[in-house]
Trainee: 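Before we start, here is the structure in question, set down as structure tokens.
The basis for the numbers below is simple: all heavy atoms, side chains too, and nothing from hydrogens, waters or symmetry mates. Residue numbers begin at 1 in each chain, while the letters A, B, ... track the order of the sequences.
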There are 2 protein chains.
Amino acid sequence: MTSSDRPDKKAVPPGDMRQSGSERRPYIRDTEENRRESLVAAVQALVAEGGRQAATVRAIAARAGVTPGLIRHYFGSKEDLLRAAYVALMDGMTNKGEEALDSVGAGPAERLAAFVAAALRPPVLDPKAVGLWAGYLHQVQSDPGLLAQHESSYLHYRDRLQQLIADLDRPVADGQLRQEAIACNAVLDGLWLEGSVLPGHFAENEVIQIGLRSVGAILGITLAAFTAPAGRQHRPGEK
Amino acid sequence: MTSSDRPDKKAVPPGDMRQSGSERRPYIRDTEENRRESLVAAVQALVAEGGRQAATVRAIAARAGVTPGLIRHYFGSKEDLLRAAYVALMDGMTNKGEEALDSVGAGPAERLAAFVAAALRPPVLDPKAVGLWAGYLHQVQSDPGLLAQHESSYLHYRDRLQQLIADLDRPVADGQLRQEAIACNAVLDGLWLEGSVLPGHFAENEVIQIGLRSVGAILGITLAAFTAPAGRQHRPGEK
DNA sequence: CCGGGAATTACACGATCGGATAATTGCCTA
DNA sequence: TAGGCAATTATCCGATCGTGTAATTCCCGG
């Protein structure tokens, strides 16, 4: 439907890119790493915006600035590329929490609060991120390899959360930590979902405040209701 | 002349359905309502299992036991059918909570607990339901009509939850109910998500117990940790 | 500065998609 | 019970999908 991609035959190139005689498109060689990253980024952008159906080989190639043949050259097939893009997504998501812990003090409650807040603001809380996650859901449910990857990432994130909870100096019963981690993780997931799908229904930092208050209530403590640190945790390499 | 004398039609039927002479498939007339419901149900099943990409006109028709032409006959286009299926989905989801309240006592805490538990067990907590929801996410984000429908359903559900919270006899501050409703709704959403995507990671009724405990902690009360009522709330007309 | 080979593009093909239109048939009614 | 018409099916069509395969071009090592 998109008239932006080139038809199969060189019937009439739109006239904007290549003007005159049917000359072959010039190109520059690039490293394998760069090309793979470009293609993965293109897939993530397309899936986030329009779902899996929007990630056609021609659209991916156009977004990455190459021709469709490269997809098959660097990845065995379109399916392999989608798999690689999902793995890259999960790695990036889980790393965001770790990054938030680097630039904060050593107090257990403070660190937990920073972890919670990081999950409830961009770039994690973002309509694009939810779209990307949703676009991959069916593939995760059907592909055993991706399901294992998802389980691993989920448990890793939850274990990190549980460790932060355990670092608080509270008397805990047996098996209590696990259920608290599940509950707090659910709060983060739910707020992430609602805040991303329906932005505009929440005031600035309201989602973060609710998250901190709820996690604190579940754990029986009071988390610092500190508002946005405003640009402190921006790190090179992030968007 | 591409050796495809039979473009679309089954050049060689697998031999299971229609056997020999090309006789026209017999059919029975049905009411408009039944046909629409069949098509909507087929769409929901296909989207839940394989995402939007699996809901092709041919697959939908096959699932509904008709031929693709009927889709265009009863709905203007495939897109219109998908829209109708989404509206039906949201209506069904929000009604599930109301149904759970019909078969329970009048105590405010008891009613809230029933509402929470209903959201955390089948048919609401179900991998298919999450798949269906995810399959529609991009359409919701892009289609203004569907976004309005989603907002309406979401707010209706949250208001119902807030009303149940308000019915508890507690001293509440100004604006507290809204944030509590958002937080409790987030807990339900998050547990619904995790429990559906990763079944098997939680023991029987564990999700419900965590949900009751978390909602209780957020509201500062203690919800009855009652386990499964085991078949009491099954209602005629439910699947 | 110039060959050689890998990187990249170009092109073609079969499958399938959503949609349009014509043909047929089941069923209500008179 | 026969006629008529809406319901349903059958068939075709252009577009686009993913993927092979051949042609071309950039770039590095000598």
Trainee: Distance check, rounded to the nearest 0.5 Å: A:L188 atom CG versus A:Y157 atom OH?
Mentor: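 If we round to the nearest 0.5 Å, A:L188:CG and A:Y157:OH are 5.0 Å apart.
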
Trainee: Contact between B:Y136 and B:H150 at the side-chain level, heavy atoms closer than 4.5 Å - yes or no?
Mentor: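 Not in contact.
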
Trainee: Toward the 5' end of DNA chain C, which comes first, A:P68 or B:K78, by nearest nucleotide?
Mentor: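 Nearest nucleotide further toward 5': that of A:P68.
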
Trainee: Classify the ring geometry between A:H201 and B:Y154 as parallel (under 30°), tilted (30 to 60°) or perpendicular (over 60°).
Mentor: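 The arrangement is perpendicular - the two ring planes meet at more than 60°.
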
Trainee: Identify the heavy atoms of A:V124 and A:A119 that sit nearest to each other, and give their distance.
Mentor: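 Heavy-atom minimum between the residues: CG1-O, 3.5 Å.
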
Trainee: Could you state the atom-to-atom distance from CD1 of B:I60 to C1' of C:dT16 in whole Å?
Mentor: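 Going from B:I60 (CD1) to C:dT16 (C1'), I get 14 Å.
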
Trainee: Could you state the atom-to-atom distance from CG of A:L70 to P of C:dA6 in whole Å?
Mentor: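 The answer, rounded to whole Å, is 16 Å.
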
Trainee: For A:A183 versus B:S214, what's the shortest heavy-atom pair and its separation?
Mentor: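 Reported closest heavy-atom pair: CB-OG, 3.1 Å.
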
Trainee: How does protein contact run along nucleotides 20-30 of chain D, one letter per nucleotide 5' to 3', with B for base contact, S for sugar-phosphate only, - for none, heavy atoms under 4.0 Å?
Mentor: S--BSBBS---

Trainee: Can you check the B:F75 CZ to D:dA7 C1' distance for me, whole Å?
Mentor: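 About 15 Å, once rounded to whole Å.
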
Trainee: When you measure from every atom of DNA chain C, which of residues 40-52 of chain A have a heavy atom less than 4.0 Å away?
Mentor: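 Contacting residues: none.
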
Trainee: Do A:D126 side-chain atoms and A:P122 backbone N/O form a donor-acceptor pair below 3.5 Å?
Mentor: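 Pair absent, no side-chain N/O of A:D126 close to backbone of A:P122.
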
Trainee: Please classify the nucleic acid contact of B:T56 as base, sugar-phosphate, or nothing, using heavy-atom distances under 4.0 Å.
Mentor: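 Touches sugar-phosphate only.
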
Trainee: CD of A:E79 versus P of D:dG18: gap in Å, rounded?
Mentor: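 In whole Å, D:dG18 P lies 10 Å from A:E79 CD.
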
Trainee: With the threshold set at under 4.0 Å for non-hydrogen atoms, list the residues of residues 131-142 of chain B touching DNA chain C in residue-number order.
Mentor: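 Correct list: empty, so none.
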
Trainee: What's the CD-C1' distance between B:Q53 and D:dG18, to the nearest Å?
Mentor: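 It works out to 13 Å between those atoms.
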
Trainee: Round to the nearest Å and state the distance from A:R36 atom CZ to C:dT8 atom P.
Mentor: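 So the CZ-P distance, A:R36 to C:dT8, works out to 12 Å.
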
Trainee: State, to 0.1 Å, how close B:L161 and B:A181 come at their nearest heavy-atom pair, and which atoms those are.
Mentor: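 So the minimum-distance heavy-atom pair works out to CD2-O, 3.8 Å.
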
Trainee: Which residue is it: B:D189, B:V187, B:L193? I am looking for the one with a side-chain contact (heavy atoms from CB on, under 4.5 Å) to B:L191.
Mentor: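 When side-chain contact (heavy atoms from CB on, under 4.5 Å) is applied between B:L191 and each of B:D189, B:V187, B:L193, only B:V187 qualifies.
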
Trainee: Check the surroundings of atom NZ in A:K78: do more than 12 heavy atoms from other residues, nucleotides or ligands lie under 6.0 Å from it?
Mentor: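 Result for NZ/A:K78: enclosed.
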
Trainee: Can a side chain N or O of B:H73 be found less than 4.0 Å away from OP1 or OP2 on D:dA7?
Mentor: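 Affirmative; the distance criterion is met.
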
Trainee: In whole angstroms, how far is the P atom of C:dA6 from the OH atom of A:Y74?
Mentor: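 After rounding, the gap between these two atoms is 13 Å.
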
Trainee: Measure from CD1 on B:I71 to P on D:dA7 and round the result to the nearest Å.
Mentor: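 So the two atoms are 17 Å apart, to the nearest Å.
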
